[in-house]
Amino acid sequence: MTTDDGPSNFLRELIAADVAAGKHGGRVVTRFPPEPNGYLHIGHAKSICLNFGLAREFGGTCNLRFDDTNPAREEQEYVDAIEADVRWLGFDWGERKYFASGYFDQLYRWAVQLIGKGLAYVDDQTTEQIREGRGNFYRKGTDSPNRDRSVDENLELFERMRAGEFPDGARVLRAKIDMSHANLNMRDPPMYRIKRAHHHRTGDDWCIYPMYDYAHGLSDALEGVTHSICTLEFEDHRLLYDWFIEALELEHRPQQVEFAKLNFSYIVLSKRKLLELVKGGYVNGWDDPRMPTIRGLRRRGVTPEAIRAVAERTGASKRDGRVDITLLEHEIREHLNATSPRAMAVLDPLKLVIENFDEHAVEWFEAPNNPEDPAAGGRKVPFSREIYIERDDFREVAPKKWYRFAPGQEVRLRYACFVRCNEVIKDAAGNVVELRCTWDPASRGGDSPDGRKVRGTSHWVSARHAIAAEVRLYDRLFSEPDPEGIDGRDWKEFLDPRSIRVVAGAMLEPSLADVPVGARFQFERVGYFCADDDSRPGHPVFNRTIGLKDSWAKIEAKGG
Ligand code: ATP
Ligand code: MG
C-alpha cells in the first residue's frame with residue numbers, strides 16, 4: 001500500500017494528467033455528495049479528504065452537495081451534523097453548498113426533454129413486473145408493453161404523475177435505452193417514481209422524485225464538476241451516468257472516477273449497520289466513542305489531523321479491502337503524542353503513606369507539560385504525606401526484574417522523589433489497602449542524590465489534592481477483525497462487551513478539575529484521554545482515546 005514515494009493514489013495522478021492536458025480548461029471541481037440519512041463515518045471522511053484535498057491541491061474547488069432525492073429517510077438533523085463534521089475535519093465549501101433537491105425543477109424539465117426525444121417513457125407495470133422484465137445477467141430483458149407509447153401520451157402521463165393523479169408506485173418514468181444491454185443498469189432504468197412523502201426542503205411540492213442515477217450525474221453537470229469521485233459500487237453505473245449527459249447534449253461533461261471504499265479491521269461502516277447499533281441500543285448513540293462515526297471518534301478524543309493522516313496514508317486504489325486498524329491507532333497516537341499535555345492520573349488507586357513526611361507539609365514539584373514540546377512549558381504538582389499510586393504498580397511478591405513497588409524496594413515517583421516501601425497493610429480479608437513508605441528528601445525532583453540506581457518509576461497523585469473522576473476505558477467495538485465475514489454468524493455476535501469499562505474512582509492531579517469538554521491529555525504511563533461531554537466543573541469524566549502501546553510499527557516492519 002505504501003512505498004518510498006508515499007502511498008499510491010491513482011486519483012491524484014489522473015487529475016494531474018487532466019490538468020496537464022488542459023482538460024476542462026485545466027479546472028478541477030469536485031464535490032462531496034452525502035445523502036443526509038445518517039451521520040458521517042470514517043469512510044466518508046476518506047471521501048471528504050479526497051474531494052476537498054485534491055481540489056485544494058490543484059487550485060480547484062469542492063462543493064458540498066446533499067444528495068437528498070429520497071425524502072422518506074432524510075432529515076435536517078443529519079444535514080446540520082454533516083456540515084459540522086466536514087468543518088471539524090478542516091474543510092470549507094465556502095458558498096458552494098448545494099442540494100440535489102434544489103435541482104428538482106431543472107431535472108423535471110430535462111425529463112420532459114428526454115420524453116420529447118423519444119428517450120423516456122411512462123411505464124404502468126408494477127415494480128415486480130418491471131424487475132422481472134429487466135431480466136438478469138443470464139437472461140435478456142423483455143420490452144414493457146408501454147415501451148412504444150407516443151411522445152404525446154408520455155408527456156401527458158408524466159405531467160399527470162407530477163400533478164398527483166396516480167397513487168404511489170402506480171407508474172414510473174423510465175429511460176428508453178436497451179432492454180438487452182449487457183449492463184443491467186442500461187435496461188430502461190427508472191428515472192422517476194411516485195411517492196407522497198414530505199421532503200425536508202421541498203415539503204409537499206412534489207409527489208414524484210428522481211432516482212439517484214438520474215439525478216446524480218446531472219447535478220454534477222449543473223455544478224460544473226470535472227471529476228465526480230465515487231466508490232467502486234458505482235462503476236457499473238458509469239455508462240448510465242454518461243448516457244443521461246449525452247442524451248441531453250449537455251455541454252459540460254463531468255467524468256466519474258471510482259475508487260475502493262476505505263474500511264478497517266474490527267469495525268463495520270455501513271450506515272445501515274451503524275443505525276442498527278444505535279437503534280438496538282448496542283451503543284449509546286451515534287457519538288458513542290466506540291462508533292467509527294466522526295462524532296464518535298471526536299468524542300473519543302481522536303484529532304482531525306489523525307484522520308487526515310490516515311486518509312493520506314491509505315491513498316486511493318481500485319481494490320476493496322480492510323486496512324489494519326492498527327494503522328488508524330498509530331496515527332491517532334502520533335498526533336496525540338506530539339500535541340497532548342501530560343498529566344498524572346491513577347485509575348486504580350492504592351494508598352501510600354510516607355511516614356517521614358510532615359502531615360501538614362506540601363511540596364510542589366515541577367513537571368513538564370509535554371516532553372515532546374518544550375514550548376508547552378510546565379506546571380507544579382502538589383505532593384503530600386498520603387498519595388495514590390496505581391495498584392498494578394505493586395506486587396507483594398516481586399517477580400524477577402520487577403522494579404516497581406514491592407516490600408523493601410525503592411522506586412521513583414515521577415518528578416517527585418524516591419520512596420521505599422517498608423510495610424504492607426491489609427484489611428481483614430487480606431486485601432492490600434495501604435503501603436507504608438519513607439522518602440529520601442535528598443532525592444527531591446526525582447534525581448538520584450548519590451548515583452544510586454532506582455530503575456522503577458511510577459506515576460502518583462497527592463491524596464489530599466486528588467480529584468475523583470469517572471474514567472471510561474474504551475477499546476475496539478468488535479472482537480473479530482472481519483465481523484461481517486464469518487459464515488453463518490451475525491456480525492453483532494462479535495460485539496465485544498469489553499469495549500467499554502467504567503472506572504468510577506480514578507484519582508486525578510488537581511490541574512484537571514475544570515478542564516473543558518474535549519480537552520486531550522496523555523495520562524503518564526496510562527494512555528491518551530479526552531474530557532467527555534458529561535464532565536461538570538469539579539467532576540471531570542474522561543474517555544480513554546487509546547492506550548500507549550503501538551503495534552503498527554511491528555506490523556509495518558514485517559512489510560504489512
Ligand atoms: P454507506 O455505504 O456507509 O452506508 P453511503 O455510500 O450510502 O455510505 P453516502 O452518503 O451516499 O453514504 O456517501 C457520501 C459519499 O461518501 C459518497 O461519494 C460515497 O461514495 C462516499 N463513501 C461512503 N462510504 C465510503 C467509504 N467507506 N470509503 C470512501 N468513501 C465512502
Ligand atoms: Mg449512498
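Nothing here was measured: the structure is a model prediction, and the numbers come from that model. Indexing begins at 1, ligand by ligand and atom by atom, following the structure's order.
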Participant: Quick one: ring pair (Phe, Tyr, Trp, His ring centres under 6.0 Å) partners of Trp286, sequence neighbours excluded?
Facilitator: Tyr39
Participant: Answer yes or no: does an N/O atom from Pro34 fall short of 3.5 Å to an N/O atom of ligand 1?
Facilitator: no
Participant: Check each atom of ligand 1 against the heavy atoms of Lys271 and keep those under 4.0 Å away; list them by number with element.
Facilitator: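 By the 4.0 Å cutoff, the relevant atoms are 1 (P), 3 (O), 4 (O), 5 (P), 7 (O), 8 (O), 9 (P), 10 (O), 12 (O).
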Participant: When you measure from the heavy atoms of Leu269 to every atom of ligand 1, does any distance fall below 4.0 Å?
Facilitator: yes
Participant: State which residues pass ring pair (Phe, Tyr, Trp, His ring centres under 6.0 Å) with Tyr121; sequence neighbours excluded, sorted by chain then number.
Facilitator: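 If we apply the ring pair (Phe, Tyr, Trp, His ring centres under 6.0 Å) test to Tyr121, skipping adjacent residues, there are no hits.
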Participant: For atom 23 (C) of ligand 1, state which one of Glu258, Glu233, His44, Lys273 supplies the nearest heavy atom.
Facilitator: His44
Participant: Give the numbers and elements of all ligand 1 atoms closer than 4.0 Å to a heavy atom of Phe259.
Facilitator: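 Those of ligand 1 that fall under 4.0 Å from Phe259 are 29 (C), 30 (N).
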Participant: Just jot down the ligand 1 atoms closer than 4.0 angstrom to any heavy atom of Leu262, in number order.
Facilitator: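 Result: 26 (C), 27 (N), 28 (N), 29 (C).
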Participant: Check whether Tyr528 forms a cation-pi arrangement with Arg520 (NZ or CZ under 6.0 Å from the six-membered ring centre, at most 45° off the ring normal).
Facilitator: no
Participant: Output yes when the distance from some N or O of ligand 1 to some N or O of Thr231 is under 3.5 Å, and no in every other case.
Facilitator: yes
Participant: For Phe158 and Tyr192, I'd like to know if the aromatic rings sit close, meaning centre-to-centre distance below 6.0 Å.
Facilitator: yes
Participant: With heavy atoms of Glu35 as the reference, note each atom of ligand 1 found under 4.0 Å away.
Facilitator: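 This gives 9 (P), 10 (O) as the contact atoms.
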Participant: Please determine if Lys46 has a nitrogen or oxygen closer than 3.5 Å to a nitrogen or oxygen of ligand 1.
Facilitator: no
Participant: When you compare ligand 1 with Arg272, is there at least one nitrogen or oxygen pair between them that comes in under 3.5 angstrom?
Facilitator: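 No, there is no polar N/O contact under 3.5 Å.
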Participant: Please say which of Asp80, Asp287, Asp85 ends up in a salt bridge (charged side-chain N to carboxylate O under 4.0 Å, His left out) with Arg295.
Facilitator: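 When Asp80, Asp287, Asp85 are each tested with Arg295, the salt bridge (charged side-chain N to carboxylate O under 4.0 Å, His left out) holds only for Asp85.
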Participant: So, for Phe494 and Phe478, is the gap between ring centers shorter than 6.0 Å?
Facilitator: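 So the answer is no for these two rings.
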Participant: State whether the side chain of Asn543 and the backbone N or O of Val471 hold a donor-acceptor pair below 3.5 Å, judged by distance alone.
Facilitator: no
Participant: Specify side chain, backbone, both or neither for Phe234, according to which of its non-hydrogen atoms lie closer than 4.0 Å to ligand 1.
Facilitator: neither
Participant: Measure up the His252 and His24 rings against each other and bin them: parallel (under 30°), tilted (30 to 60°), perpendicular (over 60°).
Facilitator: tilted
